[in-house]
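Take a look at the structure below.
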Amino acid sequence: MPMPESLKSGSSRSSVSTPETEREWPAPVEQISAARAFLHECAASDAPTLLLPDKDADGLCSGLIVYHTLVHLGLTPNNLTVHFPAKGTNIHAPAERAAMSRYGARFVIVTDQGSRGGPPLVDDPAAKTLILDHHWSTEFPQGAVVCSAAQCEPVATSATLAYDVCMPLLDADAEQGSDRRRDDALRRRLDYLCAMGTMGDLGTGFKWAPPFPDMRDCLKEWTKKVLGEAIGLVNAPRRSAEYDVATAWRALMHAASPRDLVEPASRSADVRRLFAARAQVKAEVDRCVRRPPTFSGDGRVALVRVSSPAQVHPLIATRWASSLKGARLEIVMCANDSYSPGMTNFACRVARSGRPRAGTKRKETTEDGGEGETDIIATLQEYAGRAPGLREAMGNDFARGHREASGGIVRTADFERLWEVMLHAEREDGNPEAPSKRRKTVQTQKNTLEGWLKKS
C-alpha cells in the first residue's frame, strides 16, 4: 500500500510549522516525515522487527504507541519482538548489542532510550533503525533514521512524539476503509498512552496547552487521579531490585484501560506484581531518604549517598531537590553504590532553590557568552574536566539525559574522584566554603532565661 502524499509532507493535526516563526514541533518536519515513512515501510514489509522501548512510563508508552500502530497497519505480531536491556546497562553496551543482533531483525525501532554516536545498533548491514527520542543529543548511531524532539521547544516527551508520528498513519488507514469501531478503540488507547507517558515525565499537574495535543476528553474519561496512580505502578518494577520491566510492559499491553492497572485485586498476576513492586520501592526510599546531604566546596552541589539494590536514587534526588535550600545550591545529586557491582549510579536534579523565579535566570554562562538556566549536563562535564583524564575515564554513560535531570553510571573509583573535585571546588569569590558552613549546625535552645530577660 503506497504512503499517502499528506504524510510524506510531514503534516499532521498536531505538528506545528509556520512560515512566520519557522517553528517546528514536536520535531523537525523532515524528521517526522522520515519516521512515518519508516513505520509505513516496516508494517508493509511484515519483516522481523525489534522494538527497544525505555523502561519508564514514557518509554513504555511511546513503545506501545508504536507497537499498536504497526500491528494496526498490518505487521504480524509474531514478527514484532520487544527487548529490554539488563539491569544497569543500556542498548549501547557490547553485550546488549550482541543480544540485539541475534534477533535477526530487519527493522529496529528505539523509543526514549537517549542516544549517542557510534556504529549501527545491530551488526546486520541490511537492518534499518529508527530512533524516536527527546533526550539531549546531537550524535546518533550511524545510518539511523532520527526523529528527535530535543531541540524543539517546548521539548515534547517521547510518548507525545510517538503519538504525533503515529496518529496520522491511523487517519490515513481509516480513509482507505478500515474498521471504524476498531479505529476508535485504538485512538482512545493511544490517547491515554500519550497522556500517561507525558505525565510520567512532566507530572500529573502538567497543563496540556498548545502545542501539546488536546487531551481534555482523555483526562475527563480516565481522570488525572487514575492516570497518575497507573503511572506510579507502571514505573515500580523498573525501580525494584528485581528490575522486571517486562512485567510492566505486559500489564500495560493487556490492560483494556488505565483503570485495569489500578485494581489491586486484579486477576492479572502482572498487575498484582505492580502493587508489590511499588510497596518494595517505597520501603527502600523510606529507608534511604533520611541520609543527610554533603555539600560541595563551592556550595553548588549537594550529595546524598545511598546503598540500595533498587533504583531509588532518582526518587531521592527529586525529593531532596524539592526541599533542600542553599544560597548557592543548584544541583542535588544522589549516588547509589549498590545498584550495579563496582559501579556508582547517580541521579541529579535542579534544586528548587536553584530554579530561577519567573522573569529571572540563573547566572550561568552559555556557549554564546550569555546567561541561562542551570544545565546539569554542562555542569557535570565542567567539574570532570578539572581533573586530568577524568572526563575520558567516565566513559559514555556519564552526564546523560536532560539538562535539568541528568546523571550517569560510572566506576565507583571515578565517581569518588569526581566528588573530590566538587568537594574542593572554590566559590566564585575564590574562597572555599568553610567546613563548618557545609555541615548542618546544631540548633541551640532559644527559650533560655537570659533570652527571656532580654525580651522583658
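Numbers here simply count residues along the sequence, with the first being 1.
Applying the salt bridge (Lys or Arg N to Asp or Glu O under 4.0 Å) test to Arg97 and every residue at least two apart in sequence or in another chain returns nothing. Under the ring-ring contact (aromatic ring centres under 6.0 Å, His included) criterion, Tyr383 pairs with no residue, sequence neighbours left out.
Contact check on Glu382 versus Arg386 returns a salt bridge, with a Lys/Arg side-chain nitrogen under 4.0 Å from an Asp/Glu carboxylate oxygen. Salt-bridge annotation for Asp397 and Arg411: absent, with no side-chain N of the basic residue lying under 4.0 Å from a carboxylate O of the acidic one. Under the 4.0 Å criterion applied to side-chain N and carboxylate O atoms, Arg403 and Glu153 are not assigned as salt-bridge partners. Under the 4.0 Å criterion applied to side-chain N and carboxylate O atoms, Arg106 and Glu41 are not assigned as salt-bridge partners. Under a 4.0 Å N-O distance rule, the pair Arg391/Asp414 does not qualify as a salt bridge.
For the residue pair Ser101 and Leu121, the shortest heavy atom distance occurs at OG-O, 4.5 Å.
Here the options are Lys55, Arg239, Arg238, the test is side chain to side chain donor-acceptor pair (under 3.5 Å), and the partner is Gln311; only Arg238 passes. Paired with His313 under the rule side chain to side chain donor-acceptor pair (under 3.5 Å), one option of Asn336, Asp337, Thr344 passes, and it is Asn336.
At a cut-off of 3.5 Å, with distance as the only test, a side-chain donor of Thr198 or Thr160 sits close to an acceptor on the other residue. Side-chain contact of Asp133 with His135: a donor-acceptor pair under 3.5 Å is present, judged by distance alone. In this model, no donor atom of one side chain and acceptor atom of the other lie less than 3.5 Å apart for Gln280 and Ser240.
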